[in-house]
Each structure stands twice: as C-alpha cells, then as structure tokens.
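Reviewing the structure listed below.
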Amino acid sequence: MREKPNNEKPNIVLMFTDQQRWDTLRVYGNALIHTPNLDRLALEGAIFDNATTPCPLCAPARACTMTGLAAGRTGVFDNESAPAVDEGDSLAMRLREQGYYTQAIGKMHFTPQGQTYGMDGLTLSEEMRGVRTAGTAEEVEFDDYDRFLMKRGVWGWEKPPEIGYNELKPLVNGLPKECHITQWCGDRTVEWLENERPKDQPFFLWTSFVKPHAPFDCPQHLIDLYDPAKMPKPWRTGEEGQEDNPLLQEYRDAMEEELYSEAAIAKNKAYYYANITFIDEQVGRIMRALKEQGLEKNTLVVFTSDHGELLGDHRLWYKKLGYEGSVHIPLLAKWPGRIEPGTRCGEVASLLDLFPTFVNAADGSMPERAMPGVDLMDLLSGKKTREAVCSEFYVAPNYLLHVRSREWKYLFYQNGGFESLFHLGEDPHELNDLAGDPHYAEVKEALKSAAEQWIREHSDPELALGGDGKLKSLPYQGKAASSNPSGNPRPFSRMPWDSRVPPSTLPMEKRSWFWRAVDGDWSTVLNRIGGTNETQKE
C-alpha cells in the first residue's frame, strides 16, 4: 500500500457490467478471451480473486450496492415490484454530502421505476424497460437510449426481434456498431468526461453496461472473433436432473434448457465472450479519456458486475442460484498512489464493500446502522479479514442462502431444507457435493453458524431463521400451476408485440394490450406519446 499523495478528494469511477461471471477475464485464468484493457486495469491495480454478489439478480444487487445493505434489509428481492428504499442515506447522498457530483450512465435497474437513489444526473439505457413493463400505451416510457435510436430511425431493433430479453437463442445484433447499446454507453461516458463533468468538484461516475446480459446477441463487428468449437465446455457431472432438490429441474424447465443443442450452447458462449470484448473496448476508451483529461492520477476506478451467468454449468443458465457461475464476480480496483500495481487479494469480498470503500475514500462518514461491508483498502492491507461472505435470493416460496469462504461454499434452500457443500479449493467447478458426508459436518456447521450470525446482524431473521435462531426449513412447495392460461405462451421478457401464436387467433381479452389498443402497430405508440422513428439531425 502507498500513502495518499495529497488531501484532494479522489474522483470515483465505478464500471459495472450485467451478468458477467468472474472467469471471463484473462487475469482470472481465461486464456481464450480477449480483454486487454481490463487486464491492463487489473495489472495497474488490484485483483480480488474471491468477490461475490450479495444477491444474484439485477435490481437487488444494485440496491445492495447503493445502500450498503443486504437484500434482506433493503426488501429488494425482485426486479420489477420491489419497494422503494430511502435514498436519503444512499451511497450517492453520502458522496454528495462530501461535495461530489454523482452521475449515472447506462443500465441502473433501480426499483421501482423512477428511483434515483439521490444521483444528480442519470442518462439511462434500461433495455426498453419502460416499454416491456407497460400495461397500456399511455404507460410507455422511453429512456435516453430509446430516444437516441429514434433519432436514427432504428428504434425497436435493439435486439433481434426473434428473441426476448432473457432468451438463449444465439443471434447477431441487428444494429451497426455505432448504434449498439455498448458503444452508446461508452460514447456517453467519454462525452461526459470530456465535456459535461463539473470542473470545480470531485465526481462519482457510475457507468453500467447492459451486456453481457442475455440475449447473447453478438455485435456485428465481432461475429468471427471466437470459434464456438473452441469454447470451454460447461461444468457438468452427467447426473444433472437426478438431484434430490427438485427446484433445480424446475429451474431448467422454466428456462427451456432442453431446447438448446450443444452447438447452440457453444455459440451462445462465443457470443457472450464477444459482448465482453466489446465492453473491454469501451473500458479502454474510458481509461484513455481519464488520462487525457488529467484525471487518471486522482481517480479511484473499480470494475465489477452485479452477478454472474451460469452459462450451462450444471445444465443451468442465468443467475439466482448459488453456484460459482452465478455469484462469483470480477472485481478490479485501481487507485494510483494508494493501491500497489499488481496486487492480488484472496480475501472474500462483496459488492457490499463498495459503500464503505467509496465513502471512506471521500472522507465521508458511515451510517450509524450496522453495515456488512468492509473497506476494500482494509482487505488489501490485511487490516481486516473475513471468515465468509453471504449472498441471498428470495422469491416465495424459495429463500436461497449462499455462504462462501476462500475454500468452501455452503448452499441452503429453505424450500425443502436442501443443502449443498463444495470444497472450492479442490472442486472449483462444484461437481462433488459433500453436504451429506459426515467427514465434513464440522465445516458445514461452521459455515451455517457464520451465516446465521450474519442474518441476525445484517439481513432478515424473520424470513430466514426459525424460533431457535437456526436456518429455517419449510416443507417443499413445487412450482405452481401456470399463471398464463391465455393460450399465448411467450418466453419471459419479450416485447408487447412478440407472440408465439398469431394474436388474431386469440379472443380479444387474451391478446396483449399492444394488439388490442394499436393492432400491432408500434409506430402508433410512438406517435401517441411524442416519440419518432425517423432519422433526424442531432
């Protein structure tokens, strides 16, 4: 560690991706992926080898980041209908109290829609969230990226129209590079640094990329970068589907996992990697802008992700579950004069650590309430250590708890009381479940005890613990009957105009509002609310 060169408050730049697992950078041992700018950032600062998301879902992870609180305390477990969190004590407000201008660019996924957490400025690209979640034409809202596309006459083509926002079908993005959502986020960030940032105060800039979140639609200029035949195979035992825990197979069924061939899985991974390489291009541009603007030496830069992506491991996709692909995230930090280049930290870390790290860097004061996070600088210096970190996810009736130390992982499923235990030091791919092995009962009980203490201090004991203070198990409740009796099955996160059957074949009351109100003509929606999709001059 080095001494702080002067008393000037550092600028803080947080670069986020969405759904990026940790092992998709060369500095984490991936020899196939091309990420030269992120590798350079890592080598000029610190690499955290064991970083975990506090909740493996988009909106909850971001609420944890902005409040410094576990999901059980924020109450934000859901992407759409979560309660508002008081923004008066948010990370942004703590930094504003220290004279910082706070700017968000990209995908914030704050909930409920309209939440700002006290950020001074927001320039948003929310994956057409204001369109996808609308119940009527009048409820449609466009964000900054939507309007950017409208001015170029290409709105509605942000993703290939054949797939929803969470589908796995590997396709190529229809937009040219200059209109792609990743390029837009990089452009807006560089523009802000060069022309819009305040020159008379320090700033906190949170740039958040939408990708590599599904769909894994490949940027056009990177189609041939990765050969699907050379992609690493998913981590599997060959016995998936035979687990005692029925939740895992229900999850596979919900994701329609059985529809995808080995070739499609390999191409998905190739396109996922391509999206990360495209983000790496933008990271390089942002780091060059900091240097050219004379900001590099007094800026703390952190790169991380909200959660990971299972990528077919255990025949599972997406996130929510406690396996490494879902909860283990990249975490890099560069702070000239404070972090020794080439530092590697094996301590377990969490997104919850960003709150105290940034507040302390700004010489601010921490809230009086108990906070689960630890200043990353203290982890780097060895001033503080941890036994384990916890991650949790809850959608009734499934409360999932994930407990990770350097060497071990304990997973608890409240619905049915199922458990898993993995020795990550010897089994990093989590293929040998030791939960039922009496030789490891002491290890399992130690992790459970640490988790129970963490829940009492930082999460929701009523949700997670029984009257005896131990982890609470409930009789297993299987998947409820389909809540979509309309006869119009659609993969989740599709647009209002997407349908698997012709809407004209459905009774009017079973068609989506889009087909009832405007007969499938989205230009009518644009006209009604003042949008346009005609090429205009800026």
Legend entry - NZ on K448 to CG on L421, rounded to 0.5 Å: 10.5 Å
Legend entry - Under-4.0 Å salt bridge between E430 and K409: yes
Inset, instruction - Return yes if a side-chain donor-acceptor contact under 3.5 Å exists between Y476 and N245, otherwise no. - result: no
Legend entry - Salt bridge R62-D18, side-chain N to carboxylate O under 4.0 Å: yes
Inset, instruction - Answer yes or no: are there more than 12 heavy-atom neighbours, outside E258 itself, under 6.0 Å from its atom CD? - result: yes
Legend entry - Evaluation steps, side chain to side chain donor-acceptor pair (under 3.5 Å), between N30 and D23: CA-CA 6 Å; N30 189 322; D23 58 354; 5.7 Å; no
Inset, instruction - Using atom types as modelled and distance alone, determine if a side-chain donor or acceptor of R406 lies under 3.5 Å from a backbone N or O of V348. - result: no
Legend entry - Validation row: F48, R344 side chains within 4.5 angstrom (heavy atoms): no
Legend entry - Any donor-acceptor N/O pair, Y251 side chain to W317 backbone, under 3.5 Å: yes
Inset, instruction - State the CG-CZ distance between L14 and F358, to the nearest 0.5 angstrom. - result: 4.5 Å
Legend entry - Side-chain heavy atoms of F16 within contact of V302, under 4.5 Å: no
Legend entry - Option from L91, I12, D375, D378 for which side chain to side chain contact (heavy atoms under 4.5 Å, CB included) with T357 holds: D375
Legend entry - Nearest non-hydrogen partners of S459 and G72, listed with the distance: OG-CA, 3.4 Å
Legend entry - D437, CG atom: more than 12 neighbouring heavy atoms under 6.0 Å: yes
Inset, instruction - Indicate yes or no for a side-chain donor-acceptor contact from D353 to the backbone of V374 under 3.5 Å, with no hydrogens or angles considered. - result: yes
Legend entry - Check: L321 and L248 side chains under 4.5 Å, non-hydrogen atoms: yes
Inset, instruction - Indicate yes or no for a side-chain donor-acceptor contact from T182 to the backbone of F278 under 3.5 Å, with no hydrogens or angles considered. - result: no
Inset, instruction - Mind checking the CD1-CZ spacing from I47 to F303? Nearest 0.5 Å is all I need. - result: 12.5 Å
Inset, instruction - Establish, from distance only, whether the side-chain atoms of Y413 and E419 form a donor-acceptor pair under 3.5 Å. - result: no
Inset, instruction - Can you see which heavy atom on L300 is nearest to which on A361, and at what distance? - result: CD2-CB, 4.2 Å
Inset, instruction - Scan D280, L41, T24 and name whichever one has a side chain to side chain contact (heavy atoms under 4.5 Å, CB included) with T35. - result: D280
Inset, instruction - Flag the pair K107 and E126 as a salt bridge only when some basic side-chain nitrogen lies within less than 4.0 angstrom of an acidic carboxylate oxygen. - result: no
Inset, instruction - Check whether any side-chain N or O of E452 sits under 3.5 Å from a backbone N or O of L471 as a donor-acceptor pair, and report yes or no. - result: yes
Legend entry - Aromatic ring proximity Y272/F216, centre distance under 6.0 Å: yes
Inset, instruction - Measure the shortest side-chain to side-chain distance between F393 and P60 over non-hydrogen atoms and say whether it is less than 4.5 angstrom. - result: no
Inset, instruction - Measure the shortest side-chain to side-chain distance between P212 and I279 over non-hydrogen atoms and say whether it is less than 4.5 angstrom. - result: yes
Legend entry - Centroid-centroid distance, Y394 to F77, less than 6.0 Å: yes
Inset, instruction - To the nearest 0.5 Å, tell me how far C345 SG sits from L380 CG. - result: 5.0 Å
Inset, instruction - Mark yes or no for whether T299, through its side chain, and V301, through its backbone, hold a donor-acceptor pair below 3.5 Å. - result: no
Inset, instruction - Spell out, as yes or no, whether a donor-acceptor pair under 3.5 Å connects the side chain of R94 to the backbone of S365. - result: yes
Inset, instruction - Any chance you could measure L331, atom CG, to L351, atom CG, to the nearest 0.5 Å? - result: 7.5 Å
Legend entry - Side-chain ion pair, D89 and R369, N-O less than 4.0 Å: yes
Legend entry - Test log, rule ring-ring contact (aromatic ring centres under 6.0 Å, His included), inputs F203 and Y100: CA-CA 5 Å; F203 61 81; Y100 279 71; 8.3 Å; no
Inset, instruction - Find the distance between CD (E127) and NE2 (H213) and round it off to the nearest 0.5 Å. - result: 5.5 Å
Inset, instruction - Decide, yes or no, whether a salt bridge links R252 with E243 under the criterion of side-chain N to carboxylate O below 4.0 Å. - result: yes
Legend entry - Electrostatic pair R386:E347 at N-O distance under 4.0 angstrom: no
Legend entry - Distance-minimising heavy-atom pair for L401 and A451: CD2-CB, 3.7 Å
Inset, instruction - Could you verify whether a donor N or O on one side chain and an acceptor N or O on the other, from N432 and D427, lie under 3.5 Å apart? - result: no
Legend entry - Cationic N near anionic O, under 4.0 Å, D306 to K319: no
Inset, instruction - Measure the acute angle between the ring planes of Y28 and H328, then classify it against the limits of 30° and 60° as parallel, tilted or perpendicular. - result: perpendicular
Inset, instruction - Could you tell me whether a side-chain N or O of N360 sits under 3.5 Å from a main-chain N or O of P356, the two making a donor and an acceptor? - result: yes
Legend entry - Expected output: side-chain K211 to main-chain D217 donor-acceptor under 3.5 Å: no
Legend entry - Flag side-chain contact, heavy atom, 4.5 Å: N11 against L205: no
Inset, instruction - Examine distances only and state if a side-chain atom of T304 and a backbone atom of P330 form a donor-acceptor pair shorter than 3.5 Å. - result: yes
Inset, instruction - Assess whether side chain to side chain donor-acceptor pair (under 3.5 Å) is satisfied between Y318 and E309, documenting all intermediate values. - result: CA-CA 5 Å; Y318 309 120; E309 160 60 53; over 6 Å; no
Legend entry - Note: D460-R73 ion pair, threshold 4.0 Å (strictly below): no
Legend entry - Any donor-acceptor N or O pair under 3.5 Å, side chains T123, D144: no
Legend entry - Any S208 side-chain heavy atom under 4.5 Å of I105 side chain: no
Legend entry - Partner of H423 under ring pair (Phe, Tyr, Trp, His ring centres under 6.0 Å), chosen from Y410, W408, Y440: W408
Legend entry - Note, R236 side chain near D313 side chain (heavy atom, < 4.5 Å): no
Legend entry - E324 and its side-chain hydrogen bond (donor to acceptor under 3.5 Å, both in side chains) partner, picked from H402, R404, R21: R404
Legend entry - Audit row: T189, T207, side chain to side chain donor-acceptor pair (under 3.5 Å) steps and yes/no: CA-CA 7 Å; T189 301; T207 288; 2.9 Å; yes
